[in-house]
Amino acid sequence: MQDSKELWQSKLFFSTELLQWYERSKRDLPWRRHRDPYYIWISEIMLQQTRVDTVIPYFQRFIERFPTIQDLAEAPEEDVLKCWEGLGYYSRARNLQAAARQVVERHGGAVPDNKAEVAALKGVGPYTTGAIMSIAFNRPEPAVDGNVMRVLSRYFLIEEDIMKTATRTLMEELATELIPEGRASDFNQALMELGALVCTPKSPQCLICPVMARCAGRLEGAEERLPVKSKAKPPRPEYRLVALVEGDGENAGRVLVRRRPDTGLLARMWELPHIPADAAPGEGAGLPDGPAMDRLTAALVEAGPGVMARPVGPFLNAEHTFSHIHWNLRVFRFSAENAPAAKGGGAVLAAVAESAAAYDAGSGAASTSAAEPLVEYRWITREDMDSLAFPNVFLRILNRHFEEA
DNA sequence: AACTCGGGGGA
DNA sequence: TCCCCAGAGTT
């Protein structure tokens, strides 16, 4: 029998010591200052794949801008995205707002104290369901994130690959057993706090760990190699040519940007126009980038907004790594000449319908108007950046440009 | 089960 | 600079 008396004692020891440690060691975090389920929810979504120190300023700004679920539900999506700018995984923000609307419509604007209903909210998966139910409502549900799997795999010497679904299920069962009666909120937070502060991925601080005495991983000397985790694939490289086009005439001092499509990578975020490049940048030092500039020039006219632009020269190179893609960006400066339809600041310049034909041919399911723009172009000033959401890589390029200008 | 989806921090 | 971190949705 696996579940010997010794194992039972180890579990009791773990829960008891951990809870006591948490009482004296817990950090004073903004979302721990109240029990509002809305704030717990926001913080848990932001904390997915994101460190506490990064989240804090975003959380403060977010609840200031959207103090209630109602406020969030009624806000323009642009505002929500702007508030999320720089945090990454922007579908979290879009799903969060969609879920806020769900809560307003189905639950009268209050987060439901019901597991199935919480789990049904957009962007709320198994972990966040458990986190909300336990932290906000003190329900005995497991909240198994990376921290928890690391702590449990070490303490109980679990060698299963934590990337596998079956392992997470096992961890959830174990974590549920460990919750002391009536203490789900504190215990689950304690578990994650230990993973964040003591039982860290590298160089865990075993000597100050409250449960070191019975940690099977530590006693085996295995704490550094746990948890067992299969490696992720390296990101595939992608090479893009980017145009930084400065306007002329009425658009003097403005830069041409576009909004990304509704789905996929960086959906609905703004960016500089760019096109794919075949291969790595020619490393020939000092060679003019004539061919690349020519292709960009043509793209701005043909596929893009019909902008006639004169190449000025290379501006800078930039790199950006996503989980699965590594972007190599070569940014070139252009000067617009006689930009068409330049009717003044911020006007929509043109729409690209490059894939409209293929779409229509495919299904004929033209649910939206045929004139619906797939990509929207605008001439923007630095001030316009205060209301448009850009991914960090383009934020850096644009800031550099406006600093020099 | 495999793939998609950002960005930051530490060695 | 390189390496590591990892929840939810989609297919």
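Atoms considered below: every heavy atom in the structure, side chains included; atoms not considered: hydrogens, waters and symmetry mates.
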Quiz item: A:S323 side-chain donor-acceptor pair to B:dG6 base, under 3.5 Å: yes

Complement of B:dA11, any strand, by Watson-Crick or G-U distances under 3.5 angstrom: C:dT1

Touch class at under 4.0 angstrom, heavy-atom based, for A:D145 against every strand present: sugar-phosphate

Spacing of CZ belonging to A:R154 relative to CE belonging to A:M212, to within rounding of 0.5 Å: 14.5 Å

d(CZ, A:R236; C1', B:dT4) in whole Å: 9 Å

Distance below 4.0 Å between A:T128 side-chain N/O and C:dA8 OP1 or OP2: yes

Distance-only side-chain donor-acceptor flag, A:T297 / A:D294, under 3.5 Å: no

Nucleotide of C:dG7, C:dG9, B:dG8 approaching A:R51 most closely (side-chain heavy atoms): B:dG8

Contact under 4.0 Å: A:K202 side-chain N or O vs C:dC5 OP1/OP2: no

Side-chain N,O (A:H324) to OP1/OP2 (B:dC3) below 4.0 Å: no

A:N147 CG to C:dA6 C1', straight-line distance once rounded to whole Å: 10 Å

C:dA6 versus B:dA11 - spacing of their P atoms, nearest Å: 15 Å

Rounded P spacing from B:dC5 to C:dC5 in Å: 23 Å

Whichever of A:S203 and A:T50 has its nearest DNA chain B nucleotide further upstream toward 5': A:T50

N or O in side chain of A:H320 less than 4.0 angstrom from B:dG7 OP1/OP2: yes

Partner of A:H326 by side-chain hydrogen bond (donor to acceptor under 3.5 Å, both in side chains), out of A:E319, A:R236, A:H320: A:E319

Distance in Å, A:L197 CG paired with A:I208 CD1, rounded so as to fall on 0.5 Å steps: 8.0 Å

Protein-nucleotide distance (A:N392, atom CG; B:dC5, atom P), rounded to Å: 18 Å

Value in whole Å for how far the C1' atom of C:dA8 lies from CG of A:L121: 13 Å

Spacing of A:H326 atom NE2 relative to B:dG7 atom P, expressed in whole Å: 14 Å

Distance in angstrom units between A:L265 CG and B:dT4 C1', rounded: 9 Å

C:dT11 and B:dG6, which share atom name P, separated by this distance in whole Å: 15 Å

Any N/O donor-acceptor pair, A:Y89 side-chain to C:dA6 base, under 3.5 Å: yes

Interatomic spacing from CD in A:Q102 to NZ in A:K122 - rounded to 0.5 Å: 7.0 Å

Sugar-phosphate, base or nothing in reach of A:V393, heavy atoms under 4.0 Å: nothing

Donor-acceptor pair under 3.5 Å, A:Q49 side chain vs C:dG7 base: yes

A:K122 or A:M163, whichever maps to the more 5' nucleotide of DNA chain C: A:M163

Cation-pi check, A:R214 onto A:F13 ring (under 6.0 Å, within 45° of axis): yes

Sugar-phosphate, base or nothing in reach of A:T321, heavy atoms under 4.0 Å: base

Separation of C:dA6 C1' from A:R150 CZ (nearest whole Å): 11 Å

Separation of atom CG in A:L266 from atom C1' in B:dT4, rounded to whole Å: 12 Å

